[in-house]
Amino acid sequence: MPEMPEVEIIRRGLKRHLLEKQIVNIEVFLPRLIKWPEADAFKSMVIGRRITAANRRGKYLLLELDNGNTLVFHLRMTGRLLCVSPKDEQDAYRKIIFHLDDGELLVYADTRTLGTVYALKPGETWRISGLNNLGPEPLSEAFTEIYLEKILKKSSAKLKSFLLNQKYISGLGNIYADEALALAKIHPQRTGAGLTKLEIARLYQAINEVIAAGIADGGTTFRDYRNGEGGRGHHQEHLYVYGRNGKACLSCGAPIVKIEVGGRGTHFCPVCQLLEGK
DNA sequence: CAATAGCCCTGGTGGC
DNA sequence: TGCCACCAGGGCTATT
């Protein structure tokens with residue numbers, strides 16, 4: 001599941017391969033993944049253009065084109081975006097292939113086909129409501145402890161749901177949300193309004209820390225995630241709680257528990273992360 | 001407005 | 001061994 005660290009690693013990989021290359025052709029095997037415009041118009045907006053930048057906002061990947069248009073990808077659960085040479089192109093789940101002028105391929109592959117692809121003209125960000133309503137990112141200047149405190153105090157949502165809501169903070173997904181709460185030693189079912197100033201400070205540090213660690217480890221590969229060059233991440237070796245239900249808490253040794261919060265599987269230590277809080 | 005339930009989608013898994 | 005219900009979960013939409 002690509003979250004902000006994984007998308008950032010993909011972005012860096014793509015940047016190395018794609019800058020200044022021209023997209024000379026596009027093969028679309030599953031048109032419904034292209035959410036705007038429809039496939040033919042999409043192709044005409046993109047074919048013949050050079051890629052001038054590889055950017056990211058939250059979990060959205062943005063390839064800027066030399067005509068001012070932007071190619072937007074959201075990988076959702078199982079989307080993969082990678083640069084390969086034609087002889088290595090063998091992904092059974094390839095859905096869109098962008099042919100580059102040096103013969104290399106940019107392949108969008110997706111097992112569960114939940115990903116979304118768009119081509120936008122300048123100023124058309126509004127077409128993607130999720131992209132248009134992203135909160136500040138962890139590790140960014142806009143993401144301050146003051147900001148976090150302000151929005152937490154206004155929220156009645158359970159913290160797990162709060163952290164997953166991209167309009168408050170962009171980039172956290174199920175893995176890093178659980179990890180941030182574990183590191184901060186805060187129960188996922190508590191609410192923002194109920195946190196002490198000290199807990200907010202811990203949560204703020206923890207969010208930045210788990211995201212930074214995820215990036216430093218090249219992302220978390222459980223099953224599907226691959227970086228822009230097809231390699232795996234290593235952060236799965238450094239997780240505190242995610243996927244560790246039944247295993248010993250790294251801090252106190254108690255078994256990690258898995259529950260459902262807001263419809264999402266949620267992992268936490270019942271000893272370190274108390275409902276009452278401290 | 002805000003929280004939540006349902007939905008999309010396919011492959012892996014666990015139970016029988 | 002084979003079958004099948006169920007789960008994984010990001011984010012949008014409908015509902016309460």
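Computed from heavy atoms alone, side chains included, the values below leave out hydrogens, waters and symmetry copies. In the text below, chain A, chain B and the rest are named by the order of the sequence lines, each starting its count at 1.
Looking at A/N174 and A/K160, their side chains do bring a donor and an acceptor atom within 3.5 Å of each other. Between the side chains of A/D88 and A/S85, at least one donor-acceptor pair of N or O atoms lies under 3.5 Å. A/T70 and A/K121 form no side-chain donor-acceptor contact under 3.5 Å, judged by distance and modelled atom types alone. Under the 3.5 Å distance criterion, with hydrogens and angles disregarded, a donor-acceptor pair is assigned to the side chains of A/D110 and A/T78.
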Nucleotide N/O of nucleotides 2-5 of chain B paired with protein N/O under 3.5 Å:
unit_1 : atom_1 : unit_2 : atom_2 : d
B/dA3  : OP1    : A/S156 : N      : 3.2
B/dA3  : OP1    : A/S156 : OG     : 2.7
B/dA3  : OP1    : A/A157 : N      : 3.4

Check: protein-nucleotides 13-15 of chain B nitrogen or oxygen pairs below 3.5 Å:
none

Pairwise N/O distances under 3.5 Å, protein to nucleotides 8-10 of chain B:
unit_1 : atom_1 : unit_2 : atom_2 : d
B/dC9  : O2     : A/R112 : NE     : 3.1
B/dC9  : O2     : A/R112 : NH2    : 3.3

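Between A/I200 and A/L148, the shortest heavy-atom distance links the atoms O-CD2, 4.0 Å. The minimum heavy-atom distance between A/V241 and A/H267, with the atom names listed, is O-CB, 3.3 Å. Contact between A/G262 and A/S161 at its shortest, heavy atoms only, is CA-OG, 3.9 Å.
Applying the side chain to side chain contact (heavy atoms under 4.5 Å, CB included) test to A/S44 and every residue at least two apart in sequence or in another chain returns nothing. A/I9 pairs by the side chain to side chain contact (heavy atoms under 4.5 Å, CB included) definition with A/I215, A/Y225, A/N227, not counting sequence neighbours. Annotation: side chain to side chain contact (heavy atoms under 4.5 Å, CB included) contacts of A/T191 (sequence neighbours excluded): A/A193.
Overall, the helix from B/dA2-C/dT16 to B/dC16-C/dG2 carries an axis bend of 50° between its ends, with five pairs at each end and the value rounded to 10°.
Residue pairs meeting the salt bridge (Lys or Arg N to Asp or Glu O under 4.0 Å) criterion with at least one partner in residues 228-249 of chain A, sequence neighbours excluded, are A/R16-A/E229. Under the ring-ring contact (aromatic ring centres under 6.0 Å, His included) criterion, the residue pairs touching residues 161-203 of chain A are A/F162-A/Y168, A/Y176-A/H235, A/H187-A/F268, with sequence neighbours excluded. Among residues at least two apart or in separate chains, there is no ring-ring contact (aromatic ring centres under 6.0 Å, His included) pair with a member in residues 14-44 of chain A.
Checked against the 6.0 Å centroid criterion, the rings of A/Y204 and A/F143 qualify as a close aromatic pair.
Along DNA chain C, read 5' to 3', the first and last nucleotides having any atom under 4.0 Å from a heavy atom of chain A are C/dA8 to C/dC12.
Contact check of residues 128-137 of chain A against DNA chain C (heavy atom, cut-off under 4.0 Å) returns A/S129, A/G130.
Spacing between atom CZ of A/R264 and atom C1' of B/dG6 amounts to 11 Å, rounded to whole angstrom units.
A/L164 comes within 4.0 angstrom of sugar-phosphate atoms only, judged by non-hydrogen atoms across all strands, and of no base. Within 4.0 Å of A/Y60, counting heavy atoms only, lie sugar-phosphate atoms of the nucleic acid but no base atom.
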query: Which is it for A/N245 and A/V257 under the side-chain contact (heavy atoms from CB on, under 4.5 Å) test, yes or no, and what are the steps along the way?
result: CA-CA 5 Å; A/N245 30 314; A/V257 168; over 6 Å; no

- request: Report the C-alpha distance between A/K35 and A/T116 in whole Å, list the side-chain angles of each, state the deciding distance to 0.1 Å, and finish with yes or no for side-chain hydrogen bond (donor to acceptor under 3.5 Å, both in side chains).
  value: CA-CA 6 Å; A/K35 303 300 179 184; A/T116 53; over 6 Å; no

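In this structure, A/K153 does not pair ionically with A/E149, as no charged nitrogen and carboxylate oxygen lie closer than 4.0 Å. Ion pairing between A/R50 and A/E20 fails under the 4.0 Å rule for side-chain N and carboxylate O.
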